[in-house]
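When a residue number appears, it is its place in the shown sequence, counting from 1. Side chains included, hydrogens not; waters and symmetry mates left out as well; all remaining heavy atoms used.
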Amino acid sequence: MPQIVILPHPVLCPEGSVIDAPAGKTLCDALLDSDIDIEHACEKSCACTTCHVVIREGFETLGEPTDKEEDLLDMAWGLEATSRLSCQVVLGEEDLTVEIPKYTINHASENH
């Protein structure tokens with residue numbers, strides 16, 4: 001069972017967290033199941049970028065993103081070379097370190 005290190009996020013996970021999640025589950029579901037309320041405005045259907053994360057460690061162990069995911073990532077705030085949509089990342093057996101960006105482009109829910 002992979003271990004996921006979530007780096008501190010000022011709102012969603014101020015202290016950071018370490019969670020265990022079964023292989024085969026999406027990263028988004030693993031975060032939500034661990035009470036880390038990452039946004040997922042499209043209900044995890046790969047139609048927005050609100051669940052955007054940056055994989056700080058373990059990126060190379062993940063499957064390749066689809067063309068659709070890559071197209072959406074181009075619109076994500078704070079895009080980096082190791083950015084992924086957490087709803088599309090299927091966990092394998094390898095550990096990950098994940099950073100949730102401070103902002104999303106979800107104008108309907110932003111409180112800033």
Hey, what do you get for CG (Asp71) to OG1 (Thr66), rounding to the nearest 0.5 Å? 8.0 Å
For the residue pair Val54 and His52, establish whether any side-chain heavy-atom pair is separated by less than 4.5 Å. yes
Using every non-hydrogen atom in the two residues, find where Ile36 and Ser17 come nearest and quote the distance to one decimal. CD1-CB, 4.1 Å
If I compare all heavy atoms of Ser83 with all of Phe59, which pair ends up nearest, and what's the gap? O-CE1, 4.2 Å
Least distance between heavy atoms, Pro2 atom then Gly92 atom: CG-O, 3.0 Å
Answer yes if Ile38 and Ile4 sit in the same cluster of Ile, Leu, Val, Met, Phe, Trp and Tyr residues linked by side chain heavy atoms under 4.5 Å apart, and no otherwise. yes
Take His9 and Glu15 through the side-chain contact (heavy atoms from CB on, under 4.5 Å) test and state the conclusion after the steps. CA-CA 7 Å; His9 180 278; Glu15 303 296 320; over 6 Å; no
Would you say the side-chain atoms of His40 and Thr50 include a donor-acceptor pair closer than 3.5 Å? no
For Thr49 versus Leu73, what's the shortest heavy-atom pair and its separation? CG2-N, 4.4 Å
Say you draw a straight line from CD of Gln3 to OG1 of Thr97; how long is it, rounded to the nearest 0.5 Å? 9.0 Å
Compare all side-chain heavy atoms of Val90 with those of Lys25 and state whether any distance is below 4.5 angstrom. no
Considering only heavy atoms from C-beta outward, does the side chain of Glu99 approach that of Val53 to under 4.5 Å? no
Taking the side chain as every heavy atom from C-beta outward, state whether Val98 and Val5 have any atom pair closer than 4.5 Å. no
Once rounded to the nearest 0.5 Å, what's the spacing between atom CG of Leu96 and atom OG of Ser86? 11.5 Å
Is there a donor-acceptor pair closer than 3.5 Å between any side-chain N or O of Glu69 and the backbone N or O of Cys46? no
Within a 6.0 Å radius of atom CG on Asp74, are there more than 12 heavy atoms belonging to other residues, nucleotides or ligands? yes
To the nearest 0.5 Å, atom CD1 of Ile6 lies from atom OG of Ser34 at 6.5 Å
Do Thr26 and Cys87 have side-chain heavy atoms sitting under 4.5 Å apart? no
Show your reasoning for whether side-chain contact (heavy atoms from CB on, under 4.5 Å) applies to Leu27 and Ile55. CA-CA 11 Å; Leu27 177 57; Ile55 309 298; 4.1 Å; yes
Leu12 vs Leu31 side-chain heavy atoms within contact, under 4.5 Å: no
Checking Glu70 against Arg84 for the salt bridge (charged side-chain N to carboxylate O under 4.0 Å, His left out) test, could you report, in this order, the C-alpha distance in whole Å, the side-chain angles of both residues, the deciding distance, and whether it holds? CA-CA 8 Å; Glu70 286 184 340; Arg84 293 292 304 267; over 6 Å; no
State, to 0.1 Å, how close Leu91 and Ala21 come at their nearest heavy-atom pair, and which atoms those are. CD1-CB, 3.5 Å
Please say yes or no: joined through hydrophobic side-chain contacts below 4.5 Å, possibly via intermediate residues, are Met75 and Tyr103 part of one cluster? yes
Could you tell me whether the side chain of Leu62 reaches within less than 4.5 Å of the side chain of Gln88, counting heavy atoms only? no
Looking only at heavy atoms, which two atoms of Pro8 and Pro14 are closest? And how far apart? CB-O, 3.4 Å
Path from Leu79 to Trp77 over hydrophobic side-chain contacts below 4.5 Å: yes
Are side-chain heavy atoms of Glu57 and Glu94 found at a separation under 4.5 Å? no
Report whether Leu32 and Leu85 are members of the same hydrophobic cluster (ILVMFWY, side-chain heavy atoms less than 4.5 Å apart, transitive linking). no
